[in-house]
Number of protein chains: 10
Amino acid sequence: MAKPISVSTRAKPATPPSAPSRSLDVFPNPAPERDYVIQFQVPEFTCFCPLTGQPDFAHFTIDCIADKLCIELKSLKMYMWSYRNDGAFHEKVTNDILTDMVKAINPRYIRITAKWYVRGGIYTNVVVDHRKKGWKPAPKVDLPQLGPETGMLG
Amino acid sequence: MAKPISVSTRAKPATPPSAPSRSLDVFPNPAPERDYVIQFQVPEFTCFCPLTGQPDFAHFTIDCIADKLCIELKSLKMYMWSYRNDGAFHEKVTNDILTDMVKAINPRYIRITAKWYVRGGIYTNVVVDHRKKGWKPAPKVDLPQLGPETGMLG
Amino acid sequence: MAKPISVSTRAKPATPPSAPSRSLDVFPNPAPERDYVIQFQVPEFTCFCPLTGQPDFAHFTIDCIADKLCIELKSLKMYMWSYRNDGAFHEKVTNDILTDMVKAINPRYIRITAKWYVRGGIYTNVVVDHRKKGWKPAPKVDLPQLGPETGMLG
Amino acid sequence: MAKPISVSTRAKPATPPSAPSRSLDVFPNPAPERDYVIQFQVPEFTCFCPLTGQPDFAHFTIDCIADKLCIELKSLKMYMWSYRNDGAFHEKVTNDILTDMVKAINPRYIRITAKWYVRGGIYTNVVVDHRKKGWKPAPKVDLPQLGPETGMLG
Amino acid sequence: MAKPISVSTRAKPATPPSAPSRSLDVFPNPAPERDYVIQFQVPEFTCFCPLTGQPDFAHFTIDCIADKLCIELKSLKMYMWSYRNDGAFHEKVTNDILTDMVKAINPRYIRITAKWYVRGGIYTNVVVDHRKKGWKPAPKVDLPQLGPETGMLG
Amino acid sequence: MAKPISVSTRAKPATPPSAPSRSLDVFPNPAPERDYVIQFQVPEFTCFCPLTGQPDFAHFTIDCIADKLCIELKSLKMYMWSYRNDGAFHEKVTNDILTDMVKAINPRYIRITAKWYVRGGIYTNVVVDHRKKGWKPAPKVDLPQLGPETGMLG
Amino acid sequence: MAKPISVSTRAKPATPPSAPSRSLDVFPNPAPERDYVIQFQVPEFTCFCPLTGQPDFAHFTIDCIADKLCIELKSLKMYMWSYRNDGAFHEKVTNDILTDMVKAINPRYIRITAKWYVRGGIYTNVVVDHRKKGWKPAPKVDLPQLGPETGMLG
Amino acid sequence: MAKPISVSTRAKPATPPSAPSRSLDVFPNPAPERDYVIQFQVPEFTCFCPLTGQPDFAHFTIDCIADKLCIELKSLKMYMWSYRNDGAFHEKVTNDILTDMVKAINPRYIRITAKWYVRGGIYTNVVVDHRKKGWKPAPKVDLPQLGPETGMLG
Amino acid sequence: MAKPISVSTRAKPATPPSAPSRSLDVFPNPAPERDYVIQFQVPEFTCFCPLTGQPDFAHFTIDCIADKLCIELKSLKMYMWSYRNDGAFHEKVTNDILTDMVKAINPRYIRITAKWYVRGGIYTNVVVDHRKKGWKPAPKVDLPQLGPETGMLG
Amino acid sequence: MAKPISVSTRAKPATPPSAPSRSLDVFPNPAPERDYVIQFQVPEFTCFCPLTGQPDFAHFTIDCIADKLCIELKSLKMYMWSYRNDGAFHEKVTNDILTDMVKAINPRYIRITAKWYVRGGIYTNVVVDHRKKGWKPAPKVDLPQLGPETGMLG
Ligand SMILES: [Ca+2]
Ligand SMILES: [Ca+2]
Ligand SMILES: [Ca+2]
Ligand SMILES: [Ca+2]
Ligand SMILES: [Ca+2]
Ligand SMILES: [Ca+2]
Ligand SMILES: [Ca+2]
Ligand SMILES: [Ca+2]
Ligand SMILES: [Ca+2]
Ligand SMILES: [Ca+2]
Ligand SMILES: [Ca+2]
Ligand SMILES: [Ca+2]
Ligand SMILES: [Ca+2]
Ligand SMILES: [Ca+2]
Ligand SMILES: [Ca+2]
Ligand SMILES: [Ca+2]
């Protein structure tokens, strides 16, 4: 132990706690000359079922090819949090979040995948996308799909 | 324990039990302006083999691009349950369920994947789809397939 | 194709279909001089929930150290099938099946593991066992747990 | 399609929505003569971090050897839901839930495993248990651990 | 135990044992108006290596888009069994089985994938297909590939 | 290509093919002063079901603490092959193979795990062991169970 | 979209950035009357190899049965960060971190598992533990190990 | 044990050991009328790094659509072995092996995937292919990708 | 032990430690006549978050179709190391590394996939690519995707 | 790109290549006051089969509780390399390596697990251990086995 350790007591942080918010912060795309993909995986999403009044849970994946603007990570967290006390049907809320994202950054392309937790023994997934008018993806270069190799047995 | 806990005895619920039914409830597609995918995974399906009279089990996946109507989740459960006492060949029942779904919501596209439990040492899967006349999928944007990343070793 | 292939049309089998039955066939343990384990995994089990009237599904595992008698495989299938139209609570039916098995073969040891499909977002598993009076397991030889090795990358 | 399908429109259910509740329903243990294990897995749990005011998520596993009483599944769901708007430290809330369960059913043994979602790049798990005074587990019969075998390549 | 259990002794079945046979039973395609896929997975296949005289093992997958006829499951089992005492090179026998299937049901499309167990430290797989003259697949609708989602941690 | 490649035509090997045999070759244990474990995994085993006359398949694992003799690998292959045309019940044949191994090398300890392919929708596993009279395992040193770590995401 | 979305530009946060620190914050154990386990998994650890001067990476797991004090999560992050510019041998740094933890909270029991990324084709793991003088674990209740069950095929 | 077991002592085999060889045996394609795929997976490959003089290890996959000739399995093993004492850069040796294969069988199409074990913390994979002049693949029939289904929980 | 073992004490290596460097060594493409893929997986990358001042970790995958030059493995390691003390936004640094690679070897095609460790409960992945002006990929030959097969149960 | 990139040509390293060696470097155990575990996983091991003259491959795991000395990582690599041209039976070479390790560091405890690649369709694993006379492991503290949790669906 080159450096000695010191021990103290946990204290409340000075910063006031962050809060949920139906707003999104953005920043300029650092490479607008390229079509490239930013993917967010958001495993912590919850809202209410409008029919039964019970909480629903989902895992969201957002794939985005930005144009002039990108979505800032921390505000995305606050935005997803803002649904916590809302009633929302699976199909509608996934579409609504897409619409909000488009409004915020007007991307070349965006796809939202919502995987809802099982209800009534049935698993529901919803996948919605939007492409900017006039934008076309460059023809994809098809690379071999290679898993993370290890040299380990098994 | 801020809130004290109370304990009571289990009682029968007042609502009469739900029942299987060869009917499907529908609701208006909340985003008919978009082609988007709703996927249901139904792991609990059972019927009878018409040849041997023995129960069969299957896992159904339903992928759907709705048009004007969507299938309501709870009625889907009751519908799948309605096959419990029917005799049904693997290939035919998968096609029949597709036909029923098309009749109920007339979707732009629907695909049904039925994975039947092993019989005679052989695993049988059946995949059926239907597309609405005149409907064409938008050319797909090919995103990189990224698994759920974690930062965990292993 | 050394041997030529012939093609015919599917016909109904002559044997009448087998039927569910709350009975179990047994046969003499071929090695009663040893304590050894027979494990059955039964992924196809369904009954009804007495509260809601809806079908339940479960996966059963039966681990058994037989004494004088063993359970015959086909009758086990018919026996498990016999619950298909019964109302049965998770905890009770798992205990009842154990009691039936003990009655049928009076084994040195038996353990039943029932993994019930998710209900209300909660996964329930029940594990029950029984050991014959006076029977004691030999002290176990602790072998290294080695997975199925392959020499394959990944 | 032996039975014709009918199609109707989704309606609000007549039953009022269920509600969260810091109470637990119980029922008599159907097999008190045995020590057996009931396991609940509850993947949908959320509360608040008292320090940052942000939502936390966790996956709970409850392993229980009941004595005179068992916990009823639906009330367990309502009970877990009741933490949704509470501030709760990881270590304390896991202990509190254990204390509540003990109060409700006074089991022979209970263990609670809470797996909290990553915070600050660190994954926290808390495992708490309680055993009834004077209760001792029967010496365990050590069975071979066999995975779900399939006969499938790969 | 609502229904009492009865116990009897294992007896030989009356039906004579089934036998391997280089023949295939067929039945009319129940949905010839659609192009749909029937997949059989056959993990139990064994023959002999003509060079070394030793047994070989393989896992076969058969993907088929039927035309007028389908292959009956039980006869498929007998057919695959019929290779048990034949000498057969990996590449040739996979092609021969394809040829037999085409002869039996003349499908719109069929693909056979044979995964042979390791020999000399090398794993060999053979994939053969056949399409009916004039048949063309409908352009495929590219759905998102979603794994079986669960809401479970891990 | 430093070394040029040459190409020739496949020829039948001079050695006569090996043959199945109900015999086992042995060799002196190279480290009889230690209790250590040799594990064989044999995925290629097939015999016949005496009741139905149909082929059965199994995966055998043999864990052995040798005494004076070890089992030679190639003769083990021939030995397992020798069951190919025998009728054999799951429970009995697993016990018989254990008895043969004990006769051949009289080991300090041996365990045989047979995982049979699914029949009638049920998966059967049989685990049998034998310990030499008077032999006791040294108390095991309990090491942490660490998977093959990689540093790879995912 | 019940609530309209607002969009703003990313700004630097007011709080000064946190910093690495060889100190640990602690708080009183909320349940000192029980022996229970707190596990931290820390996938983000890096230091330098004293021999080669190159960066090393590791994944740490800390299992702890606290006594009077617990380790606070955020300070743990800062503490692990403090090794970023240190030279540290695998075996020594794992022991040093254990010593520091013991100094900070004097736990009943603590175990540290460090899984180092591959070097020279070899994967190194180090597992160190410490138990308080006089402390003994209660005999463990051996529960069945049940994976997260889903009811999904595959 | 219907057949008694006999036990003998391990002897050296009469055949001289096989040897590595930069040559490949070929045989006539048994189905040249079809484009079909033969895949070899070769997990046992080792050579030397020309820069450091240290052994390298790799896993090779060879996918081939043969024309008039196929590669014989045993000679492939000897061929891969022949690199054991060669110095070979990752990129070059993968290309050289492709060139040799093309020389040996002049296939319609061949692809070689080499997955090299980690060096310096980095995993390198090389994928090379060759297609015969004038050869074009038939448009592929896109089948659903179905994993090996089992009916097992988990 | 044919060869006796000798034992000595660890000494510091004579070579000075290697150092991070914003430079890349290159070497001539050994097979410029082909379009082939070189993939590097780099699991050890760390830099700083410019907003919070805290360390970030990522796993990089680099897929490259070289033209005249290839990237040398060891210098790639040093290059990736050179970001260890830099502040770098996820989106920008992934683009910058692509730009550097293009400057160094001007490849026909290159794709960089950066998988960043979770921050604020959200997982971010960035995928950027570049293709040389005028270069077009040859139409890909679509081979069946076969996993590493083993013949092992499970 | 704050720092500009420079590009140079690959050169041979000045240091002479390292060499295989039947010797092991050691260093003083940095924490001899504790019993702790060091695990090495060595996926790159190859030698020759004395019977057939063909190369064998294995994956070695070494678990060690050191006493006064530890094994140095780089010399371990050279030591394992030294078997590359030796003939060695599976059972004997695993025992010999254990004997060498004991001679080199005389540990409190050491276990060697060798997983050999498949030969003749059979997978062989050998596990050997040694404990110092008079050394006894402290009774193990049984912690819950928790996998790497993530909060990700799936
Ligand atoms: Ca393994
Ligand atoms: Ca691992
Ligand atoms: Ca592997
Ligand atoms: Ca892989
Ligand atoms: Ca596979
Ligand atoms: Ca496998
Ligand atoms: Ca999960
Ligand atoms: Ca997990
Ligand atoms: Ca990982
Ligand atoms: Ca992943
Ligand atoms: Ca499953
Ligand atoms: Ca599957
Ligand atoms: Ca499971
Ligand atoms: Ca398998
Ligand atoms: Ca298994
Ligand atoms: Ca999934």
Side-chain angles (χ1 to χ4, degrees), chain B residues 8-22 40-60 73-92 114-124 147 153-154, chain C residues 8-22 40-60 73-92 114-124 147 153-154:
Chain B
S8 19
T9 303
R10 172 171 71 181
K12 266 232 143 181
T15 11
S18 52
S21 140
R22 194 61 56 93
F40 298 115
Q41 300 204 12
V42 188
E44 304 177 20
F45 181 92
T46 180
C47 60
F48 280 96
C49 171
L51 281 184
T52 65
Q54 295 195 333
D56 274 330
F57 289 77
H59 176 290
F60 273 76
L73 189 68
K74 200 180 166 195
S75 75
L76 175 61
K77 179 176 179 167
M78 298 302 126
Y79 173 83
M80 296 307 274
W81 176 5
S82 76
Y83 286 88
R84 190 175 175 94
N85 292 316
D86 283 14
F89 286 108
H90 290 6
E91 292 86 355
K92 178 156 171 32
K115 301 175 175 176
W116 298 88
Y117 283 28
V118 61
R119 287 295 169 261
I122 298 179
Y123 300 77
T124 305
L153 271 185
Chain C
S8 19
T9 304
R10 171 171 73 180
K12 265 234 146 181
T15 12
S18 52
S21 139
R22 194 62 56 92
F40 298 116
Q41 300 205 13
V42 188
E44 303 178 21
F45 181 93
T46 180
C47 59
F48 280 96
C49 171
L51 281 185
T52 64
Q54 293 194 334
D56 275 330
F57 291 77
H59 176 290
F60 274 76
L73 188 69
K74 200 180 167 196
S75 75
L76 175 62
K77 179 175 179 166
M78 299 300 126
Y79 173 82
M80 297 305 276
W81 175 5
S82 75
Y83 287 87
R84 190 175 175 93
N85 291 317
D86 284 15
F89 286 109
H90 290 6
E91 294 86 355
K92 180 155 171 33
K115 302 176 174 174
W116 298 88
Y117 283 28
V118 62
R119 285 295 168 265
I122 298 180
Y123 299 77
T124 304
L153 269 186

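Chain A is the first sequence line, chain B the second, and so forth, proteins listed ahead of strands; every chain is numbered from 1.
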Nearest 0.5 Å, what's the CE-CD distance between C/Met78 and B/Gln54?
4.0 Å

My understanding is that only residues two or more places apart in sequence, or in another chain, count here; which of them pass salt bridge (charged side-chain N to carboxylate O under 4.0 Å, His left out) with B/Arg84?
none

For B/Phe57, what residues pass the ring pair (Phe, Tyr, Trp, His ring centres under 6.0 Å) criterion, not counting sequence neighbours?
B/Tyr117

So which part of B/Pro20 gets closer than 4.5 Å to some heavy atom of chain C, the side chain, the backbone, both or neither?
neither

Side chains of C/Asp56 and B/Glu44: closer than 4.5 Å at any heavy-atom pair?
no

